[in-house]
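Here the structure is laid out as structure tokens; the discussion comes afterwards.
Residue numbers begin at 1 in each chain, while the letters A, B, ... track the order of the sequences.
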2 protein chains.
Amino acid sequence: MSLSTNFQPLYKQVYDVLVERLVKGYWKPSEPLPSEFALADELGVSQGTVRKAINQLVAEQLLRRRQGKGTFVSEHTQESSLFRFFRYRQPGANNAIPETSILSVKRRMSTQVESQGLGLKKATEVVEMIRLRKIDNIPAIFETVLQPLTIFPDLDKEAELPNSLYTLYQEKYGISIVEVRDELHAVMADAEVAKHLNLEPNTPVLMTERASINIDGRIVEWSQAYCQSQDFVYANKLK
Amino acid sequence: MSLSTNFQPLYKQVYDVLVERLVKGYWKPSEPLPSEFALADELGVSQGTVRKAINQLVAEQLLRRRQGKGTFVSEHTQESSLFRFFRYRQPGANNAIPETSILSVKRRMSTQVESQGLGLKKATEVVEMIRLRKIDNIPAIFETVLQPLTIFPDLDKEAELPNSLYTLYQEKYGISIVEVRDELHAVMADAEVAKHLNLEPNTPVLMTERASINIDGRIVEWSQAYCQSQDFVYANKLK
DNA sequence: CAGTGGTCTAGACCACGCC
DNA sequence: GCGTGGTCTAGACCACTGA
């Protein structure tokens, strides 16, 4: 493989090759990559250069390394992806893991707002999932998730929908979520939200709009979630 | 300098030495550090090891490097610290910079909630600043900021309070904020908040409690901010 | 034990900023 | 031209894993 045609640093070219292979599913989640020396030989660079590219992918959590064992493609396990992107918890608490129940799944066309949230100019056919998530057995989040059928064909026919959808995305559709973008609003709970969250009408709730980004940079999911704000907060560390 | 007494990797020991010097103000913001080779000589390690430690500090934004010039201690300029930690903006917008006006400054003892927010077991004497921040000339955020006087002696006697306090903290008090922890709530605007944000009473607003962390790991500031949610959102990217 | 990643070194050359 | 950081290499040794 020739790497010398353009003027990016070698390690960046190696990085790009690795990302491309990950995107294309050349190595599957939880599989090991070849060793640093093997990759270095194949690509015609030194082991240190491969290491630098791999380290960046580890920092971005696309790969994991274990000394003595090897370098592995990250899996989105239930717990890791919940911990990583789930921000709601009791005030001061460290972490929370929600239980999720699906209220409905159907196909429909996206509205204009939703299309825009998905980064599209035109309406597209989507799967709409409505879910209720509980934290410590308290109804916490009432959520509508949209997935374009072009990206997730026949997602609505899945027999089992897991607590964290990202696991399913990765295993069945080759989609690895590497980033989410949230916008938070404070709104009044409407009758439906209040009912599901067990609130008085006209209680303020947190509303999060979230776009989820695949490893290849596309928005592949858009959701709108209402979280009751009596018992829960959206916690965020900025560095 | 001997680095061989404990069992941490060399680069980590170098990192710790550098952090300690930064905490103690051995090098001031915007000053250059010695070159990699000079540091390597002084500490008795190779240049590559120093580089690894410095790279980590660059990733944490405590240092900045410029090829051909040197390595510099980050300054919290007005703009950079506003961009870095200011999360409120119009939906879909990329960035916003607020204008800030100070409504009041006084000394008092912290309440129990505030002491806890500051990570303290007992009440302490604090400066309380109340500020109103506008975005695009719209009153957006009504905010109460608390600083312990033990950390910021005579802060209430400052003649000029800048738009971003972090600049002042760094220049006058040797405090460098490296992390903030936010908890977001949705609450009803009370009469005072509604008045300042130009809202009808009983409008839902976003309330953010923020603890700000110094380079040495201490919480040095705690604030509570009410942001109107008609025009603005709290935007957050998670990776 | 062999194979993996983790650390550390020494030295080469390049790209940039400045005098 | 000189000094800085940026990249790349080659090789040594250590620490962990599993057969």
[X] side chain, from C-beta outward: closest of [options]:
X: A:T49; options: D:dC16, C:dT9, D:dT9; value: D:dT9
X: A:S35; options: C:dG5, D:dA10, D:dT7; value: C:dG5
X: B:S46; options: D:dG5, C:dG5, C:dA10; value: C:dA10
X: B:P9; options: D:dT4, C:dG5, C:dC8; value: C:dC8

N-O pairing of B:E60 and B:R84 below 4.0 Å =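 No salt bridge links B:E60 with B:R84.
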request  = State whether A:E179 and A:R181 are salt-bridged, where the test is any N-O pair (Lys NZ or Arg NE/NH1/NH2 against Asp/Glu carboxylate O) under 4.0 Å.
outcome  =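 Between A:R181 and A:E179 there is a salt bridge, with a charged N closer than 4.0 Å to a carboxylate O.
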Once you round it to whole Å, what is the distance between [atom2] of [N] and [atom1] of [X]?
X: A:R64; N: D:dT17; atom1: CZ; atom2: P; answer: 13 Å
X: A:D41; N: D:dG11; atom1: CG; atom2: P; answer: 12 Å
X: B:L39; N: D:dT4; atom1: CG; atom2: C1'; answer: 13 Å
X: B:K12; N: C:dG6; atom1: NZ; atom2: C1'; answer: 16 Å
X: A:Q67; N: C:dG5; atom1: CD; atom2: P; answer: 10 Å
X: B:E36; N: D:dT4; atom1: CD; atom2: C1'; answer: 9 Å
X: A:R51; N: D:dT9; atom1: CZ; atom2: P; answer: 14 Å
X: A:K52; N: C:dG6; atom1: NZ; atom2: P; answer: 16 Å

task = Find which nucleotide of DNA chain C each of A:Q47 and A:K69 is nearest to by heavy atoms, and output the residue with the more 5' nucleotide.
result = A:K69
message = Reading DNA chain D from 5' onward, which residue's closest nucleotide shows up sooner: B:P34 or A:F37?
response =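 Nearest-nucleotide comparison on DNA chain D picks B:P34.
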ask   = Is there a donor in the side chain of B:Q90 and an acceptor in the side chain of B:D136, or the other way round, less than 3.5 Å apart?
value = yes
Aromatic ring proximity B:Y173/B:F152, centre distance under 6.0 Å =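 Yes, ring centres under 6.0 Å apart.
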inquiry  = Using only atom types and a distance under 3.5 Å, with no angle test, would you say the side chain of A:R210 pairs donor to acceptor with the backbone of A:V145?
reply    =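 No; zero donor-acceptor contacts below 3.5 Å.
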Any [X] side-chain N or O less than 4.0 Å from OP1/OP2 of [N]:
X: A:R65; N: C:dT4; result: no
X: A:R66; N: C:dT4; result: no
X: B:Y11; N: C:dT7; result: yes

